[in-house]
Amino acid sequence: MNSQSTPLKQQLRELIERAMATLTQDDGPLAGISELPPVQIERTKTREHGDFACNVAMQLARLARAKPRDLATALVAALPADPLVAKVDIAGPGFINLSLSDNAWHQQVNQAIAQGRDFGRNQNGQGVCVGVEYVSANPTGPLHVGHGRAAAIGDTLARLLDAAGWKVVREFYYNDAGVQIDNLALSVQARGRGIDPENPAWPADGYRGDYIQVVADGFAAGETVDVDGQHLVGSGDFDDLDAVRRFAVGWLRREQNDDLAAFGVQFDVYYLESSLYADGKVAETVDALNQSGHTYEQDGALWLRSTDFGDDKDRVMRKSDGNYTYFVPDVAYHLSKWQRGYVRAITELGADHHGSLARVKAGLQALEQGIPAGYPEYVLHQMVTVMRGGAEVKLGKRAGGYLTLRDLIDEVGRDATRYFLISRKSDSQLTFDIDLARAQSNDNPVYYIQYAHARICSVFRQAAEKGISHDPQAGQANMSVLTDEQSLALMIELSRYPEAVESAAEGLEPHTLATYLRELAAAFHTAYNAHPILPADSPERDARLTLCLGVKQVLANGLDLLGMGAPEQM
RNA sequence: GUCCCGGUAGCUCAGCUGGAUAGAGCGGCGCCCUCCUAAGGCGCAGGCCACAGGUUCGACUCCUGUCCGGGACGCCA
């Protein structure tokens, strides 16, 4: 494993910090300022402003009672010389603009090649354990597109956090015992007895989809289901509702797992709601809430005074019929995450559940067990609508045309499905255009990015056919022959990758990585068109091929974080 | 009525924890393959960042209010 070298931004930040330290000495302009603001280094929008800009002089202006530009001048004068930095300017209201040497970019390319799959990874998480929960669909039906969005977002988050040095546990939580499961069992039983949803004898809240018939047929035919460590055999005895229930749950669990596997999504832990009752976690939670004094009895029910913790009204914990409301096991479940050592817990949910967030957080606070106020962190996604042929595809469970995640994967492919579900900010509603996702054309960003990777592979194949060998060492030594604008722009784009990974992980915003990869691919395609990669001149050729190797590595790393393939040929 | 999320080019959307002249793709118009995959590239046109205030050196970004669209508000899960 290569030791990760210090990221560019951080190296520059340290230079500025050293300059600031100089100015705090004795009677320097910053002397006597106790709290210096954190130094922010950011990429500039145009190279006219250099490569990186620092706004610290403006931030310090008031504290130091000095003009921003005067401070900037003093900082620049105190800035230590460094081979990374070619030029320093002061511009606008007091920006310090840093222009890097070409050699700085060459180093980034070389690092991408040398570090390989590790390039872009960082140690920000310091190996601390974070639980990431997502999908968590109840086993009452096939996964639909909304679950697909949850899976794509959650899985990419998990990969990003892993790349950022956290110890990630992927978790799937499901209810295997509640009212909805009863409805499932009753539905399968009814189908098994030849009752269909149009029949007056159909269960009131039954699941009407055709898949119920399939499950019933399997149960009748004595099919077997192996899932979650269980081996289930359909007995065909529809009077044994408990057996029907176990079989149906197992069947749908297996179905969901198969679909998720086809989507490239796997979990470390499957957590059953029923286990929270079986192992006393629910009772422990209720006792702790009672003991902490945040509960009261009223109207024959037990209430949590969640308004003490920011909820807008108190919530019933135990109904007057003696059963717990769903949010009690929810609190117990998140307590178990804390107790299992998840220092951070991230819960990915559909935004239609946002109403439950406040009460779960309130419940965790009311336990008074030192769980941080921000626990768990929620990432919510908005609804997905699907378009085909310019018309909306209805997704309702009741309708016959039930579009499942599996249907979508089969129709447009795993990579395109993942990309489209991840490419938008999770906070905004998403329109999934099946025709666009299927298009094998430049309308489709999936191919655009993957094609960049395939194109590089193709160039190396061409080189091999022509008997041209690539000397990577010579390439690295000769990078300075690449002075054209497009190559430089490509190197700079490549150098942004570690920052893209870091900020996507930190902000829990996987879509920003998708955006970055499109920009990297664009920079590559531009350079590809501007200059032949296999010119006769061998120093230049070696350098261009070396740059291609670096870009190829970054594309592969980035696509992998999105759970997508990096094809060598298209 | 309360709460959450959106409102940026004709369309679909980016805009990184407030930064310098607002970005990309598609669509429109005009170009580029005797050349490594044209699944590509180049150029032009296109904007009161929903609206009105406020905060400050500086606001698409933060705060308040209004309007529009979507969602959530149960002793359902």
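Below, read A as the first sequence line, B as the second, and so on, with proteins coming before strands; counting in each chain starts at 1. Note that the structure is predicted; figures quoted are calculated from it, not measured.
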Pick base, sugar-phosphate or nothing for A:Thr526, based on heavy-atom distances below 4.0 Å to the nucleic acid.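 Contact class for A:Thr526: sugar-phosphate only.
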
What is the nucleic acid contact for A:Ala500, judged by heavy atoms within less than 4.0 Å: base, sugar-phosphate only, or nothing?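 No contact at all - A:Ala500 keeps every heavy atom at 4.0 Å or more from the nucleic acid.
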
Using only side-chain N and O atoms of [X], determine if any of them is under 4.0 Å from OP1 or OP2 of [N].
| X | N | answer |
| --- | --- | --- |
| A:Lys319 | B:rC76 | yes |
| A:Ser458 | B:rU37 | yes |
| A:Arg315 | B:rG74 | no |
| A:Tyr378 | B:rC5 | no |
| A:Gln180 | B:rC76 | no |

For every nucleotide of nucleotides 12-17 of chain B, 5' to 3': is a protein heavy atom under 4.0 Å from its base (B), only from its sugar-phosphate (S), or from neither (-)? SSSSSB

Contact list please: residues 540-554 of chain A against RNA chain B, heavy atoms, distance less than 4.0 Å, in numerical order.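 Residues of residues 540-554 of chain A that come under 4.0 Å of RNA chain B do not exist, since none gets that close.
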
Close residues, residues 351-361 of chain A, relative to RNA chain B [heavy-atom separation under 4.0 Å]: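 Those residues whose heavy atoms fall under 4.0 Å from RNA chain B, taken from residues 351-361 of chain A in numerical order, are A:Asp352, A:His353, A:His354, A:Gly355.
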
Sequence neighbours excluded, every pair satisfying salt bridge (charged side-chain N to carboxylate O under 4.0 Å, His left out) that has a member inside [range]:
| range | result |
| --- | --- |
| residues 523-546 of chain A | A:Asp484-A:Arg544, A:Glu540-A:Arg544 |
| residues 316-334 of chain A | A:Glu297-A:Arg318 |
| residues 519-531 of chain A | A:Arg496-A:Glu519 |

Side-chain donor-acceptor pairs under 3.5 Å in residues 428-435 of chain A, sequence neighbours left out?
from     : atom 1 : to       : atom 2 : distance (Å)
A:Ser428 : OG     : A:Lys425 : O      : 3.1
A:Asp433 : OD1    : A:Asp435 : N      : 3.0
A:Asp433 : OD1    : A:Leu436 : N      : 3.2
A:Asp435 : OD2    : A:Gly389 : N      : 2.6

If you draw the axis of the six-membered ring of [Y], does the NZ or CZ of [X] fall within 45° of it and under 6.0 Å from the ring centre?
| X | Y | result |
| --- | --- | --- |
| A:Arg455 | A:Phe524 | no |
| A:Arg518 | A:Tyr419 | no |
| A:Arg344 | A:Trp166 | yes |

Contacts of A:Tyr271 that satisfy ring-ring contact (aromatic ring centres under 6.0 Å, His included) - sequence neighbours left out: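 Residues passing ring-ring contact (aromatic ring centres under 6.0 Å, His included) with A:Tyr271: A:Tyr333.
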
When rounded to the nearest Å, what value does the distance between [atom1] atoms of [N] and [M] take?
| N | M | atom1 | value |
| --- | --- | --- | --- |
| B:rG28 | B:rG10 | C1' | 9 Å |
| B:rC42 | B:rG25 | P | 8 Å |
| B:rA52 | B:rA59 | C1' | 15 Å |
| B:rC32 | B:rG19 | C1' | 38 Å |
| B:rA14 | B:rC73 | C1' | 32 Å |
| B:rG54 | B:rG18 | C1' | 15 Å |
| B:rA50 | B:rG70 | C1' | 16 Å |

What pairs with A:Asp314 under salt bridge (Lys or Arg N to Asp or Glu O under 4.0 Å), at least two apart in sequence or on another chain?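 Checked A:Asp314 against salt bridge (Lys or Arg N to Asp or Glu O under 4.0 Å); zero matches.
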
Enumerate the protein-to-nucleotides 31-34 of chain B contacts in which both atoms are nitrogen or oxygen and the separation is below 3.5 Å.
none

Partners meeting side-chain contact (heavy atoms from CB on, under 4.5 Å) with A:Ala74 (sequence neighbours left out):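 If we apply the side-chain contact (heavy atoms from CB on, under 4.5 Å) test to A:Ala74, skipping adjacent residues, the hits are A:Leu23, A:Pro29.
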
Atom pairs and distances, side-chain donor-acceptor, residues 500-515 of chain A, under 3.5 Å, sequence neighbours left out:
from     : atom 1 : to       : atom 2 : distance (Å)
A:Glu502 : OE2    : A:Asn124 : ND2    : 2.9
A:Thr512 : OG1    : A:Glu509 : O      : 2.8
A:Thr515 : OG1    : A:His511 : O      : 3.2

Using the aromatic ring of A:Phe95 (for Trp, its six-membered ring), decide whether it stacks on the base of B:rG19 within the limits of 5.5 Å and 30°.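 Stack criterion not met.
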
